Amino acid sequence: MPELPEVEIYRQYLEASSLHQPIEHLDVEDPKLLTTDFPILYEKLAGRSFTGTRRVGKNLFVFTDKPDVILHMHFGMTGDLAYYHASLDRPRYARIVFYFSSSYNLGFICPRKFERIGLVDDVDTYLKRKKIGRDGLDVSLSELTAQIQSRDALIKPVLMDQRTVAGLGNWIVDEVLFQARVHPEQRTRTLTDGQLAALYEAVRLVLLTAIRHEASYRRFPADFLIHARRWDDSPYEDPEAHNYCPRCGTPIRKLEVGGRTTYFCPSCQRIE
DNA sequence: CAGCATGTTTGAAG
DNA sequence: GCTTCAAACATGCT
């Protein structure tokens, strides 16, 4: 479930589990998941140890004991990590596995094969080439404002665009817009300074809240829109009860914006 | 079976 | 160059 908060949790997980253990072996089930050819990946990683991490938006970079060997991970729509003892069965969908000399393995879980792993030699070069913007937790109000005002489009797709700010995905953008009380289809050029400030604060609120709850959306505060969304892992006694705005009770409306399913409160989020 | 899905890239058209 | 829209990627779940 990898938007920025999940990837941050994965980063912490990898950092806590997988550093300073020489990589003995690497198994790749499907070469399509690689952005670096397997022989090169193997040769560069064999014998190396992970030494640290850096996350930018939804991208996770893992440093090794060789400065120019940096692993890049992108978790697509359903990626995950699993660190497990070698004596245990390989987790389901662990299509790439790092075998450490510690007798533990790190599995890169990718059920839908939208995930990617490869090498980069320099993080900033990679970010620049991919035009990835400032991380959602590092961006300043003036940077975010400048980015948004440089575009002429609907606010939702602009916030989803990783060039604007890195790390926001479909569901988090809906939450940000809800918290900021901005309609997903309002055009960027019509946003007031007050709305831009509200969006900035909402980005921080939503990201920090999600990370604090270890990215388990179901534990979000009661006044978050996320509860109106259907989550297969969040069983509610009364499914209808959560289809109303947690602030005003108006039925949550669903529409398509920028080609993505969008939830919003037609009463709280009006185009100014 | 049909429809939908947390992401990114690419290409066409205006 | 920019925006918009659709499709493609590959698979799982409801």
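Just so it is clear: chains get the letters A, B, ... in the order the sequence lines come, proteins before strands, and each one is counted from 1. The figures here come from the full heavy-atom set of this structure, side chains too, leaving out hydrogens, waters and symmetry mates. This is a predicted model, so every value here is computed, not measured.
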Quick one: L33(A) CG to dA10(C) P, roughly how many Å, whole number?
10 Å
What is the distance, rounded to the nearest whole Å, between atom CD of Q147(A) and atom P of dT3(C)?
11 Å
Between Y10(A) and G79(A), the two heavy atoms sitting closest are OH-O, 2.8 Å
Carboxylate-amine/guanidinium contact D122(A) K128(A), below 4.0 Å
no
Please determine, for the side chain of R95(A), which listed nucleotide (dA10(C), dT6(B), dG12(C)) has the closest atom?
dG12(C)
Do any side-chain nitrogens or oxygens of T261(A) fall under 4.0 Å of OP1 or OP2 in dA5(B)?
yes
DNA chain C contacts made by residues 116-124 of chain A, counting heavy atoms under 4.0 Å
none
Which Ile, Leu, Val, Met, Phe, Trp or Tyr residues join V123(A) in one cluster when any pair of side-chain heavy atoms under 4.5 Å counts as a link?
V56(A), F61(A), F63(A), I70(A), V120(A), Y126(A), L127(A), I132(A)
Rounded to the Å, how far apart are D174(A) CG and dA5(B) C1'?
14 Å
Would E15(A) and R11(A) pass as an ion pair if we require N to O under 4.0 Å?
yes
Round to the nearest Å and state the distance from E256(A) atom CD to dC5(C) atom P.
9 Å
Using atom types as modelled and distance alone, determine if a side-chain donor or acceptor of R219(A) lies under 3.5 Å from a backbone N or O of H213(A).
yes
Nucleotide N/O to protein N/O under 3.5 Å, stretch nucleotides 8-14 of chain B:
from	atom 1	to	atom 2	distance (Å)
dT8(B)	OP1	H74(A)	NE2	2.9
dT8(B)	OP2	K58(A)	NZ	3.1
dT9(B)	OP1	K130(A)	NZ	2.9

Rounded interatomic separation in angstrom, taking CG from D30(A) and P from dT11(C):
7 Å
Nearest to side-chain heavy atoms of R187(A), which nucleotide of dT6(B), dC13(C), dT4(C):
dT4(C)
Could you give the distance separating dT6(B) and dT4(C) at their C1' atoms, to the nearest angstrom?
23 Å
Separation of dT6(B) atom C1' from L60(A) atom CG, nearest Å, is 17 Å
Could D161(A) and R151(A) be called an ion pair, given the rule that one side-chain N must be under 4.0 Å from one carboxylate O?
yes
Using a heavy-atom cut-off of under 4.0 Å over every strand shown, decide if Y93(A) touches base, sugar-phosphate, or nothing.
sugar-phosphate
What is the separation between atom CE on M77(A) and atom P on dA10(C), rounded to the nearest whole Å?
13 Å
Under 3.5 Å, which donor-acceptor pairs link side chains of residues 175-183 of chain A to any protein atom two or more places apart or in another chain?
from	atom 1	to	atom 2	distance (Å)
E175(A)	OE1	L225(A)	N	3.1
E175(A)	OE1	I226(A)	N	2.7
E175(A)	OE2	Q179(A)	NE2	3.0
E175(A)	OE2	L225(A)	N	2.8
Q179(A)	NE2	D223(A)	O	3.3
H183(A)	ND1	E185(A)	N	2.9

Does a salt bridge link D30(A) with R95(A), judged by any charged N lying under 4.0 Å from a carboxylate O?
no
Counting any heavy atom closer than 4.0 Å, what does G259(A) reach on the DNA or RNA strands: base, sugar-phosphate only, or nothing?
nothing
Is it true that D27(A) and R90(A) make a salt bridge, defined as a side-chain N closer than 4.0 Å to a carboxylate O?
yes
Quick one: does E6(A)'s side chain have a donor or acceptor within less than 3.5 Å of a partner on K58(A)'s backbone?
no
Starting at the 5' end of DNA chain C, which residue's closest nucleotide do you reach first, P111(A) or S150(A)?
S150(A)
Donor-acceptor pair, side chain of E3(A) and main chain of I172(A), under 3.5 angstrom
yes
Whole-Å distance separating the CZ atom of F220(A) from the P atom of dT6(B)
15 Å
Suppose we screen for ring-ring contact (aromatic ring centres under 6.0 Å, His included). Which residues come up paired with Y104(A), at least two apart in sequence or across chains?
Y83(A), H85(A)
Would you say R151(A) reaches dT3(C)'s phosphate, i.e. side-chain N/O to OP1/OP2 under 4.0 Å?
yes
As a test of reading the structure: which of dC13(C), dT6(B), dA10(C) is closest to the side chain of E3(A), going by heavy atoms?
dT6(B)
Could you give me the stems involving DNA chain C, meaning stretches of three or more consecutive Watson-Crick or G-U wobble pairs whose two defining distances are both below 3.5 Å?
B:2-5 with C:11-14, B:7-14 with C:2-9
